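Letters A, B, ... mirror the listed sequences (proteins, then strands); counts begin at 1. All values reported here derive from a predicted model rather than from experimental measurement.
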There are 2 protein chains.
Amino acid sequence: MTMQQTDGAVRPAGRPRSEKAEKAIIEAALDILGEGSGVSELSIEAIAARAGVGKTTIYRRWSNKEDLVVDALASLKPPIAPLKGESVRDDLVAYLQVVQSESSHVRTRCIMNIAMSQSDRHPRVAERFHEIAIKPRQEMLSAVLERGMANGELRADLDVPMAMAILSGTMMWRTKWADDTLPADLAEQIVDEVLRGFRPR
Amino acid sequence: MTMQQTDGAVRPAGRPRSEKAEKAIIEAALDILGEGSGVSELSIEAIAARAGVGKTTIYRRWSNKEDLVVDALASLKPPIAPLKGESVRDDLVAYLQVVQSESSHVRTRCIMNIAMSQSDRHPRVAERFHEIAIKPRQEMLSAVLERGMANGELRADLDVPMAMAILSGTMMWRTKWADDTLPADLAEQIVDEVLRGFRPR
DNA sequence: ATAATATGAAACGACACCGTTGCGTATCGA
DNA sequence: TCGATACGCAACGGTGTCGTTTCATATTAT
């Protein structure tokens, strides 16, 4: 017994996989998806070409395209807006402002599209996306609302899931079907209108 | 001058185009789109095969796929819920119920997906869809709201576009990201919650 | 009957990807 | 140094779709 490092992963000898290549592949995949391709139009060849990588290198790591996409989405930092603090209104406005600003980034838009429109065909991708990008935000949002219910800023009998759907859905509707350009104070507008019904009576 | 039928379209002699084939083509295209294909995955070959038609017949009528898709979407009867009548609340509930029930039809879902996710890549398709499926409904909705503002059921200073975004966006959010199955009275729930903020104070 | 056009079927060459393999080179541990 | 593994690259045969063309047949007006 001359070797091993006692911890689980025994280095398998030989040249280690390039961390750089892996990053480049994922980045390239996100890049292409961000240009509007659906998952099925996303070709391994195109990813390899853009990443400056051999197809071999991709196939060695992922056995199919879905797995790659899942990992790619997983690598998206869910740049959850950092914490906030003061009034419920201000928190909601800040939250929706993040959502709105993200929706103007082409890449974010397209990835939202994928998550939304391909959930039927690629359920694993959609599921993963939901867990990474949607769920943490929903939790953040519900925390704000519940805090408001506790301290009297909001009605005590507010239906939290419904309230979340109203806030998120309204912003999504506006950003998706934007005929015109969005007003800069869209988040304020939405929150102020919606909160009318959420406040204690 | 021995012929013509004085009305604009002079029959061009020879075998006329088959109306039946045209219907079959469009139906086949919608069918495939309804199974979840995006516009770019929709192949002419597949349409021809499903329609029981030669590719020739398709290419003779449409020079490209987008034109075909545009016509296909145009053929969708916008089954605008027939008129309604009584209170604003009941009208809104009825309207949202139609939206909800449509969202459960696979075909409608997929076509919504296309309209939403491919608006960047196929602007003409999205534009046409908007005109056919979205606009008439928006007008119907805004009519209901304005009636309510006029007769005092709603606040006189209600922001109508905002109110429409809240109603439609909330329903869309719920039908899109449905973790659970949708409650049967979802439309009522949404309307009752949202109207709290829309009523005169 | 005849001319004109449409139809479905089949085949064409071209291209883009597929997933795999072989090659020479690079980078690690022993 | 040497064996092992990963790398990028290029090529393989296979498949699916493209848009076009050819063909025999069908349907219409004159």
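Spacing between atom CD of A/Glu19 and atom P of C/dC28 amounts to 13 Å, rounded to whole angstrom units. Going from atom CD1 of A/Ile58 over to atom C1' of D/dG8 covers 12 Å, rounded to whole Å. Remark: C1' of D/dT5 and OH of A/Tyr59 are 21 Å apart, rounded to the nearest angstrom. Spacing between atom CD1 of B/Ile47 and atom C1' of D/dC18 amounts to 13 Å, rounded to whole angstrom units. Going from atom CZ of B/Arg15 over to atom P of D/dT27 covers 6 Å, rounded to whole Å. One interatomic measurement links the two molecules: CZ of B/Arg50 to P of C/dG8, which rounds to 17 Å at whole-angstrom precision. In this entry the distance linking CD of B/Glu22 with C1' of C/dG8 reads 16 Å, nearest Å. The separation between B/Trp62 atom CH2 and D/dC18 atom P is 15 Å, rounded to whole Å.
Of all nucleotides listed (D/dG19, C/dC18, C/dT27), C/dC18 comes nearest to the side chain of A/Ile44. Considering only side-chain atoms of A/Pro16, the nucleotide from C/dC28, D/dT28, C/dG19 that sits closest is C/dC28. For B/Glu45, the side-chain atoms get nearest to D/dG19 when compared with the rest of C/dA26, C/dG8, D/dG19. In this structure, the nucleotide among D/dT27, D/dC9, D/dA6 sitting nearest to the side chain of A/Thr56 is D/dC9.
With no hydrogens or angles considered, no side-chain donor-acceptor pair links B/Thr108 and B/Glu102 at under 3.5 Å. Side-chain N/O atoms of A/Glu153 and A/Asn151 include a donor and acceptor closer than 3.5 Å.
Across the interface with DNA chain C, nearest-nucleotide mapping of B/Arg60 and A/Ala46 shows B/Arg60 to be the residue nearer the 5′ end.
The shortest side-chain heavy-atom distance between B/Leu158 and A/Glu193 falls under the 4.5 Å cut-off.
Under 4.0 angstrom from either OP1 or OP2 of D/dG8 there lies at least one side-chain N or O belonging to A/Thr57. Between C/dT7 and B/Arg61, a contact under 4.0 Å exists linking OP1 or OP2 to a side-chain N or O.
With hydrogens and angles ignored, a donor-acceptor pair under 3.5 angstrom links the side chain of B/Lys55 to the base of D/dG19. With hydrogens and angles left out, the side chain of A/Arg17 and the base of D/dA6 share no donor-acceptor pair within 3.5 Å.
In this structure, A/Asp71 does not pair ionically with A/Arg128, as no charged nitrogen and carboxylate oxygen lie closer than 4.0 Å. Under 4.0 Å is where a charged nitrogen must lie from a carboxylate oxygen, and between A/Glu41 and A/Lys65 no such pair does.
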